Every structure is written in C-alpha cells, then in structure tokens.
Amino acid sequence: MGRESVKLIANNKKARHDYFLEETYEAGICLHGTEVKSLRQGKCSIKEAFIHIENGEVIVYGMNISPYEKGNIFNRDPLRPKKLLMHKNEIHKLLGKTKEKGYTIVPVEVYFKGSLVKMQIALARGKKLYDKRQDIAKKDQRREAEREFKVRNL
C-alpha cells in the first residue's frame with residue numbers, strides 16, 4: 001500500500017481541551033460533489049459538530065461545509081447531517097462504550113487522504129474543570145521552561 005498524502009482541512013482544538021481522547025478512529029464521510037469541491041478550498045468547520053449513532057449508522061451533526069461558489073442548484077444545506085462510513089464492528093464497539101457513563105464521540109479533524117475525505121473521530125471522556133486547570137498549568141510551565149531555555153542559549 002502506497003503512502004498517501006494527508007492534507008488537513010479542519011481541526012477541532014476544543015475537543016482536546018474539553019475531553020480526554022481515549023481511542024481514535026478513521027471514518028469516511030458520505031458527501032456530494034459540490035461539498036468535496038468546497039472542502040478542497042478548505043471551507044469546513046467542525047467546532048460545533050457532534051456525533052450520534054442511530055440505527056447502526058454513525059452520523060455527524062453540525063459539521064459546516066460552506067456552499068461552493070460555482071455550485072448553484074447543486075449546493076446542499078451546509079449543516080445537513082452527514083453519514084460516516086465505518087466498519088460494523090467499530091460501530092458496535094463505539095455504541096457499547098457510549099452507553100457507559102461519561103463517554104461520548106467527538107470529531108477531531110477532517111482531512112484528505114489521497115483523494116478521499118476522512119474524519120478522525122475519538123471516543124472521549126469529558127474533562128472536569130480541575131482537569132482543564134491542570135492542563136493550563138502544565139502548558140504555562142512548559143512555555144516558561146522554553147522561554148528560560150531560549151534566554152540561556154542566546
């Protein structure tokens with residue numbers, strides 16, 4: 001299998017801030033022609049997106065793909081629910097985990113893998129306020145250490 005180029009389209013930084021990402025999965029997205037053209041221009045947002053499993057299908061809601069300028073009547077609703085394509089055993093595993101307390105599925109990033117549009121999703125557990133504070137403190141310490149390192153090595 002050849003090495004396909006991976007080109008990031010959209011990233012959900014909030015997911016890493018608000019959740020502990022435990023397992024990640026790669027899923028294809030069921031799209032229409034003008035949506036793919038719009039993605040090639042990088043017009044996509046998953047900040048407000050969330051994922052549900054309904055009738056054995058994984059569906060992403062709130063993923064915004066801006067309408068393609070030259071698309072006219074073929075443009076779809078930018079916020080329409082989009083089906084994610086995954087293996088059935090992965091879907092069953094996710095469904096079992098989300099029934100446990102505190103687990104949810106969050107979109108992490110959208111990218112091109114070769115010519116295919118893929119979404120990385122993660123099984124995540126919500127962070128409490130004190131967890132977020134710890135992360136911020138660690139980040140500040142690391143930044144401070146890097147700053148001191150730069151000053152010393154000048």
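Here the structure is a predicted model, which means the values were calculated and not measured.
Note: M63 CE to C44 SG = 4.0 Å, rounded to the nearest 0.5 Å. Between the CE atom of M119 and the CD1 atom of I51 there is a distance of 5.5 Å, given to the nearest 0.5 Å. Within the model, atoms NE2 of H32 and CD1 of I65 stand 10.0 Å from one another, a figure rounded to the nearest 0.5 Å. For the atom pair F112 CZ and R40 CZ, the distance stands at 4.0 Å (nearest 0.5 Å). Of the inter-residue distances, the one linking Q41 atom CD with K37 atom NZ reads 10.0 Å to the nearest 0.5 angstrom.
For L94, the side chain to side chain contact (heavy atoms under 4.5 Å, CB included) criterion is met by Y25, I53, M86, I105, I121, L123, not counting sequence neighbours. The side chain to side chain contact (heavy atoms under 4.5 Å, CB included) search around L8 returns N11, E109, Y111, not counting sequence neighbours. For the side-chain hydrogen bond (donor to acceptor under 3.5 Å, both in side chains) test, no residue two or more places apart in sequence or in another chain qualifies with N89. Listed by chain and residue number, E35 satisfy the side-chain hydrogen bond (donor to acceptor under 3.5 Å, both in side chains) test with R80 (two or more places apart in sequence, or in another chain). By the salt bridge (Lys or Arg N to Asp or Glu O under 4.0 Å) test, E144 is found to be paired with R147, residues two or more places apart in sequence or in another chain being considered. When the salt bridge (Lys or Arg N to Asp or Glu O under 4.0 Å) test is applied to R142, no partner is found at least two apart in sequence or on another chain. Considering only residues two or more places apart in sequence or on other chains, K43 meets the side-chain hydrogen bond (donor to acceptor under 3.5 Å, both in side chains) condition with E69. Shown here are the side-chain hydrogen bond (donor to acceptor under 3.5 Å, both in side chains) partners of D135, two or more places apart in sequence or in another chain: K127. Listed by chain and number, the residues in a ring pair (Phe, Tyr, Trp, His ring centres under 6.0 Å) with Y103 amount to none (sequence neighbours excluded).
The shortest non-hydrogen separation linking I9 to G42 is CG2-CA, 4.1 Å. The two residues I46 and N12 have their closest heavy-atom pair at O-ND2, 3.4 Å. Closest approach of A124 and Y19 over heavy atoms only: CB-CB, 3.6 Å. I91 approaches G56 most closely through the heavy-atom pair CD1-O, 3.7 Å. The two residues A49 and V60 come nearest to each other via the heavy atoms CB-CG2, 4.1 Å.
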inquiry  = Pair L85, I29 - check side chain to side chain contact (heavy atoms under 4.5 Å, CB included), show working.
reply    = CA-CA 6 Å; L85 310 169; I29 311 174; over 6 Å; no

inquiry  = Could you walk me through whether V108 and R16 satisfy the side chain to side chain contact (heavy atoms under 4.5 Å, CB included) test, starting with their C-alpha distance in whole Å, then the side-chain angles of each, then the deciding distance to 0.1 Å, before giving a yes or no?
reply    = CA-CA 8 Å; V108 180; R16 286 188 175 87; 3.6 Å; yes

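With hydrogens and angles ignored, the 3.5 Å screen pairs a side-chain donor or acceptor of S38 with a backbone N or O of S66.
Between E22 and K97 there is no salt bridge, since no side-chain N of the basic residue sits under 4.0 Å from a carboxylate O of the acidic one.
Contacts classified as salt bridge (Lys or Arg N to Asp or Glu O under 4.0 Å) and involving residues 44-67 (residues at least two apart or in different chains) are given here: E57-K83. Listed by first and then second residue, the salt bridge (Lys or Arg N to Asp or Glu O under 4.0 Å) pairs involving residues 85-95 are E23-K93 (not counting sequence neighbours).
You'll find the side chain of K118 reaches within 4.5 Å of the side chain of K113, heavy atoms only.
Y61 and H52 have perpendicular rings, their planes meeting at more than 60° on a 0 to 90° scale where under 30° would count as parallel.
Other members of a hydrophobic cluster containing L79 are absent, since no ILVMFWY side chain comes under 4.5 Å of it, directly or through relayed contacts.
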